[in-house]
Amino acid sequence: MDYEFFFRESLDSLHDEGRYRVFADIERHAGSFPHATHYKKDGRSEVTVWCSNDYLGMGQHPAVLNAMHEAIDRCGAGAGGTRNISGTTHYHVLLEKELADLHGTEDSLLFTSGYVSNWASLGTLASRLPGCVVLSDAYNHASMIEGIRHSKAEKQIFAHNDPEDLNRKLSELEHDRPKLVAFESCYSMDGDIAPISELCDVADAHGAMTYLDEVHAVGLYGPRGGGLAEEQGVSHRLTVIEGTLAKAFGVVGGYIAASTALCDFVRSYASGFIFTTALPPAVAAGATASIQHLKSSSAERELQRRQVAKVRAQLDNAGIPHYENPSHIVPVMVGDPVVCKNITDCLLDRFGIYVQPINYPTVPRGTERLRITPSPIHTDADINHLVGSLSTVWTEFGLQRTTQRRKSNAA
Ligand SMILES: *Cc1c(COP(=O)(O)O)cnc(C)c1O
């Protein structure tokens with residue numbers, strides 16, 4: 001076989017569809033993020049990042065950076081081993097305590113990323129529970145899907161955020177079979193929020209475990225940043241809460257929070273936990289500092305909400321179509337992969353605005369979009385520049401505007 005030909009041909013088909021992924025090469029400016037330098041073929045330029053998941057700017061927070069510097073100076077760079085073989089430092093132990101406290105659970109377990117935490121935890125639970133059936137929300141993240149697939153357990157997909165469909169599917173299963181209901185709290189591409197309590201009601205009625213991915217909610221929702229389950233007062237109802245340290249907490253790593261026995265079970269059986277080097281101690285120290293800060297400070301969350309509302313109001317005034325949702329994510333709908341890519345190229349090259357185009361398979365075909373994530377570190381001037389530039393681009397590309405404005409703006 002001509003392997004090289006195969007690779008090139010496969011890539012050509014991505015180009016033809018307009019969904020070949022091009023990474024923007026950027027250098028974040030600690031202290032003035034979301035501003036960054038964009039490295040191009042022919043030089044560099046200054047840009048404002050509008051698509052970061054460092055939702056609150058904690059990736060440059062002095063408390064986080066100080067904790068990381070201090071840990072590097074004390075312990076050096078890497079952990080030096082798996083958790084079992086010399087890689088468990090005191091920073092890891094403290095972080096796991098902090099996470100259990102954040103979610104009000106008995107224990108927690110750290111992984112090298114949120115992806116790995118979903119893949120390893122769902123894979124291990126679903127494969128080891130005899131005869132387990134996994135009920136998976138139709139919009140679940142790739143990391144959950146891959147974990148479930150890896151487990152080889154039976155899987156049933158229930159309609160997105162639909163407790164009635166979940167109930168129907170669970171009703172058809174034998175009562176004694178182990179069941180695991182897996183879903184997210186805030187879905188990252190549409191920014192919609194799950195009916196957590198209703199899904200728990202249904203799961204409870206059928207004796208099913210619940211597994212909630214709070215990756216896009218931890219740090220952002222709830223009085224202590226414990227996520228949407230905390231905000232809605234339902235943390236205690238979930239069997240497993242899964243989260244990341246890489247998004248609102250601004251560092252890297254993933255975790256589950258659950259009972260002592262469940263965490264110990266995953267710790268003891270999950271290949272994706274056991275056979276990989278522990279996170280660097282400085283990463284654990286930075287994440288702990290970030291969580292601690294956001295437990296006691298709501299200033300970042302409040303300012304983020306204000307800036308999100310400003311972006312939405314200005315988009316409405318400009319007639320730029322965006323998907324309404326109750327979260328911090330602002331999806332601006334385009335609906336075509338090539339146009340989506342051209343718009344973002346134009347925003348980047350001419351206006352210094354970096355928004356990555358979101359195409360299939362991250363979102364369904366025909367729903368290609370710009371996913372804008374306003375943060376407390378975007379200024380009002382940044383917002384004016386964003387919406388002004390989008391408006392110019394909308395005219396130049398002849399894109400449709402919405403005529404219906406929100407009541408609050410029409411008044
Ligand atoms: C980003 C993401 C993950 C993976 O988290 P990482 O820490 O980035 O690996 C898991 N679930 C969802 C819903 C995500 O969006």
Side-chain angles (χ1 to χ4, degrees), residues 21 23 51-56 58-59 64 95-96 99 102-103 108-125 134 136-150 157 160-161 180-194 196 199 210-221 225 227-229 238 240-257 266 270 272-273 276-280 283-284 286-288 290-291 325 327-331 356 358-364 369 371-373 375:
R21 290 170 187 233
F23 298 160
C51 54
S52 176
N53 285 336
D54 184 357
Y55 289 127
L56 299 176
M58 292 306 288
V64 175
L95 175 53
E96 284 176 337
L99 288 164
L102 177 66
H103 294 292
S108 81
L109 190 68
L110 268 176
F111 296 83
T112 47
S113 75
Y115 187 103
V116 173
S117 64
N118 273 335
W119 182 81
S121 303
L122 285 168
T124 302
L125 291 168
V134 185
S136 177
D137 185 283
Y139 284 15
N140 273 347
H141 187 257
S143 55
M144 302 171 88
I145 296 170
E146 289 298 332
I148 296 162
R149 184 188 326 223
H150 177 73
I157 296 172
H160 177 55
N161 279 349
L180 177 56
V181 179
F183 57 105
E184 301 178 25
S185 60
C186 173
Y187 286 82
S188 68
M189 291 301 149
D190 287 346
D192 57 335
I193 288 173
I196 303 173
L199 291 167
T210 47
Y211 184 106
L212 180 64
D213 176 319
E214 285 253 49
V215 159
H216 291 279
V218 289
L220 299 172
Y221 297 90
L228 282 155
L238 282 312
V240 180
I241 293 175
E242 183 272 344
T244 185
L245 304 168
K247 291 173 184 173
F249 292 127
V251 192
V252 75
Y255 64 90
I256 56 168
V266 175
F273 174 84
T276 189
T277 300
L279 289 169
V283 165
T288 303
S290 185
I291 296 163
N325 65 51
S327 77
H328 58 285
I329 294 162
V330 183
Q356 190 69 21
I358 308 283
N359 290 342
Y360 177 83
T362 309
V363 294
R369 65 193 69 183
R371 176 181 178 272
I372 295 172
T373 52
S375 77

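Worth saying up front: this structure is predicted, and the values here are computed from it rather than measured. Keep in mind that the numbers below use all heavy atoms, side chains included, and drop hydrogens, waters and symmetry copies. Remember, it's 1-based here, ligands and their atoms both numbered in the order they're listed.
Counting heavy atoms closer than 4.0 Å to ligand 1, residue Asn118 contributes side-chain atoms (C-beta onward) but none from N, CA, C or O. Contacts between Met144 and ligand 1 below 4.0 angstrom, taking non-hydrogen atoms only, are absent altogether.
For ligand 1, the atoms sitting less than 4.0 Å from at least one non-hydrogen atom of Tyr115 are 4 (C), 5 (O), 6 (P), 9 (O), numbered in the order shown with element in parentheses. Near Thr244, meaning under 4.0 Å from one of its heavy atoms, ligand 1 places the atoms 6 (P), 7 (O). Close contacts of ligand 1 with Glu184, meaning ligand atoms under 4.0 Å from a residue heavy atom, involve 13 (C).
Trp119 and His150 have tilted rings, their planes meeting at an angle from 30° to 60° on a 0 to 90° scale. Taking the six-membered ring for Trp and thresholds of 30 and 60 degrees, Tyr221 and His328 have ring planes inclined between 30 and 60 degrees apart.
Remark: Ile329 CD1 to Arg369 CZ distance equals 10.0 Å, nearest 0.5 Å.
Considering backbone and side-chain atoms together, Asp213 places an N or O closer than 3.5 Å to an N or O of ligand 1. Residue Gly114 has at least one N or O atom closer than 3.5 Å to an N or O atom of ligand 1.
Ligand 1 is never approached by Glu242 to a heavy-atom distance shorter than 4.0 Å. Heavy-atom distances between Ser143 and ligand 1 reach below 4.0 Å in at least one pair.
With sequence neighbours excluded, no residue satisfies salt bridge (charged side-chain N to carboxylate O under 4.0 Å, His left out) with Asp192. In this structure Ser143 satisfies the side-chain hydrogen bond (donor to acceptor under 3.5 Å, both in side chains) test together with Asn118, His141, sequence neighbours excluded.
Although no hydrogens or angles enter the test, the distance criterion places a donor-acceptor pair under 3.5 Å between the side chain of Glu96 and the main chain of Leu110.
Distance from atom 15 (O) of ligand 1 to its nearest protein heavy atom, with residue and atom name: His216 NE2, 2.5 Å. In this structure, the protein non-hydrogen atom closest to atom 14 (C) of ligand 1 is Lys247 NZ, 3.0 Å.
The pair Arg371-Asp190 does not count as a salt bridge, with every side-chain nitrogen at least 4.0 angstrom from each carboxylate oxygen.
With contacts defined as side-chain heavy-atom distances shorter than 4.5 Å, the pair Val64/Val251 qualifies.
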